[in-house]
Amino acid sequence: MDRKALLELTGKYQSPLYVYDTEKIISQYKKITGAFSKVKNLKINYAAKALSNINILKVFNSLKSGLDTVSIQEVKLGLKAGFAPENIIYTPNGVSLQEIEDVAKLGIQINIDNLSILELFGQKHPKVPVCIRINPHIMAGGNSKISVGHIDSKFGISIHQVPHIKRVVENTGMRINGVHMHTGSDILDIDTFLRASEILFNTAKEFDNIDFIDFGSGFKVPYKEGDISTNIEELGKKLSQRFNNFCKEYGKDVTLMFEPGKFLVSEAGYFLAKVNVIKQTTSTVFAGIDSGLNHLIRPMFYNSYHHIENISNPKGRERFYSIVGYICESDTFGSNRRINEISEGDILCFHNAGAYCYSMASNYNSRYRPAEVMIYKGKDYLIRKRETFEDILKNQVEVSV
Ligand SMILES: *Cc1c(COP(=O)(O)O)cnc(C)c1O
């Protein structure tokens with residue numbers, strides 16, 4: 001999206017503001033499906049938690065994408081957005097048996113990630129096929145908070161416990177219809193990923209009526225110039241070939257699934273905020289914006305880098321700034337950034353603001369969460385209103401004190 005259009009949107013909808021470019025979402029979706037075009041049955045399930053506005057979900061449904069969900073609320077949002085139950089997969093962690101049963105009743109594919117619940121669920125509902133989430137104990141990902149496949153991770157059933165899974169299946173008469181892994185964000189090394197995939201293929205062979213193999217996600221996108229991203233074409237080529245061979249060995253055209261979040265929506269998002277104050281200190285120049293970690297927590301939470309530019313003064317001379325928020329905690333979005341000269345009132349644009357940005361926003365400091373705008377077929381649509389004071393008080397119950 002060009003700067004001028006983004007600047008106009010902040011004029012129209014005020015700041016802070018999230019803007020999503022659906023054309024980019026669609027092109028990312030097509031990039032994955034294109035890379036795996038040699039696979040007969042391919043299913044991409046968008047991971048709703050990355051960006052869960054119902055309109056974004058509708059866009060994915062219109063692309064014939066499936067939906068990957070982690071809570072019953074996400075399932076309900078997906079159904080409301082128009083997804084057929086059979087196009088939704090539910091991959092929770094640490095939720096109650098009750099919630100899993102409630103989701104299963106809605107006709108959603110269940111993915112179970114622990115033996116205890118597997119056994120309980122299988123005893124009560126032997127006719128409902130379930131997918132199992134395997135932890136292959138392969139380390140992937142650049143950040144300990146988002147690496148979920150390692151030995152100490154709380155996710156998945158250990159690959160070493162497959163004999164136990166089989167015993168549960170035998171004892172309950174339940175059917176395992178899919179195997180799944182999600183080793184965490186940031187797959188850079190295709191060969192590591194393929195090694196983990198071999199573990200999944202071997203696990204699939206342990207069960208005689210598999211319908212799909214779900215390889216999770218972890219596709220990396222560039223956040224700054226020079227960043228390496230997952231080579232999706234190479235992954236597509238290598239994994240498709242291996243997958244097609246597996247189908248031959250297995251004697252069935254099973255479905256290959258992925259569930260990307262970040263890859264599909266990260267680059268489509270822009271976060272726009274206004275500079276409230278410029279503060280010169282002895283060590284730096286701070287630009288303080290009308291937002292904070294309540295609206296975009298990734299830099300503080302994960303040390304994530306978000307490229308920041310001054311779209312109000314794109315030709316201005318470059319100077320060094322620390323971009324900070326207005327929250328009463330340290331909330332630094334970027335230190336020592338080279339940015340076109342900033343004046344109070346300028347609009348700064350944060351890139352890669354599609355994934356895990358709005359969906360992690362909060363009301364900390366009793367601030368309103370921002371508005372969201374979607375660009376769809378060349379037109380801008382307000383898809384979430386800015387909150388108001390009523391929203392802050394909405395569920396608070398006043399008592400006499
Ligand atoms: C979060 C999550 C994803 C999406 O991960 P990205 O890195 O955003 O692609 C996929 N599957 C599961 C089970 C997840 O929890």
Side-chain angles (χ1 to χ4, degrees), residues 20 24-25 28-29 31-32 35 43-52 56-57 60 65-75 77-78 88-95 100 103 108-114 130-136 138-150 153-157 178-189 192-193 196-197 200 212-223 227-230 232 235 256-269 297-298 301-302 304 306 352-360:
Y20 312 117
K24 181 67 184 173
I25 292 176
Q28 289 295 97
Y29 182 80
K31 214 185 259 184
I32 298 193
K43 189 81 181 267
I44 304 301
N45 298 317
Y46 166 58
K49 74 178 192 284
L51 174 61
S52 48
I56 299 295
L57 303 188
F60 279 106
S65 164
L67 195 68
D68 178 66
T69 59
V70 294
S71 70
I72 189 167
Q73 290 81 8
E74 282 186 354
V75 168
L77 265 178
I88 302 179
I89 180 163
Y90 171 69
T91 305
N93 173 261
V95 308
I100 293 175
V103 171
I108 310 295
Q109 172 68 50
I110 304 294
N111 188 3
I112 292 182
D113 98 326
N114 71 82
V130 306
C131 173
I132 43 170
R133 178 173 186 170
I134 294 297
N135 185 337
I138 294 257
M139 183 74 185
N143 180 309
S144 62
K145 285 202 183 80
I146 50 179
S147 290
V148 295
H150 56 87
S153 167
K154 69 167 181 166
F155 297 99
I157 303 172
V179 291
H180 166 268
M181 70 170 184
H182 172 65
T183 52
S185 278
D186 295 4
I187 302 164
L188 285 177
D189 183 354
T192 305
F193 191 81
S197 305
L200 207 54
F212 63 92
I213 300 182
D214 185 337
F215 295 88
S217 179
F219 299 104
K220 189 166 161 54
V221 295
Y223 276 72
D227 262 5
I228 321 169
S229 47
T230 305
I232 198 111
L235 179 66
L256 191 169
M257 282 187 189
F258 275 113
E259 49 195 32
K262 192 187 278 178
F263 182 85
L264 294 171
V265 297
S266 174
E267 294 163 283
I297 202 172
R298 302 186 74 253
F301 198 20
Y302 302 126
S304 309
H306 285 265
N352 287 81
Y356 308 106
C357 292
Y358 190 95
S359 63
M360 288 190 173

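Atoms within each ligand, like the ligands themselves, are counted from 1 in listed order.
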Could you say whether the N/O atoms of [X] and ligand 1 ever approach to under 3.5 Å?
X    : result
E259 : yes
S217 : yes
G261 : yes
K262 : yes

Ranking H180, K49, M181 by closest non-hydrogen atom to atom 14 (C) of ligand 1, top hit is K49

Only one of I88, I108, T69 clears side chain to side chain contact (heavy atoms under 4.5 Å, CB included) with V103; which?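 In the set I88, I108, T69, the residue that makes a side chain to side chain contact (heavy atoms under 4.5 Å, CB included) with V103 is I108.
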
Using the side chain to side chain contact (heavy atoms under 4.5 Å, CB included) definition, which of the options V265, L264, N352 pairs with V221?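 Single pass found, and it is N352.
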
Anything under 30° is parallel, anything over 60° is perpendicular, the rest tilted; go ahead and classify F60 against Y46. parallel

Under 4.0 angstrom from ligand 1, any heavy atom of A50? no

Taking only non-hydrogen atoms of F155, do any sit less than 4.0 angstrom from ligand 1? no

Ligand-residue contact atoms, ligand 1 with [X], heavy atoms, under 4.0 Å:
X    : result
P260 : 9 (O)
T91  : 13 (C)
A47  : 3 (C), 4 (C)

Any idea which part of Y356 is under 4.0 Å from ligand 1, heavy-atom wise: side chain, backbone, both or neither? side chain

Are [X] and [Y] side-chain neighbours, meaning at least one heavy-atom pair lies under 4.5 Å?
X    : Y    : result
R133 : I112 : no
I89  : D214 : yes
Q109 : C131 : yes

Separation between NZ (K31) and NZ (K24), nearest 0.5 Å, reads 5.0 Å

Answer yes if the ring centres of Y223 and H306 are under 6.0 angstrom apart, and no otherwise. yes

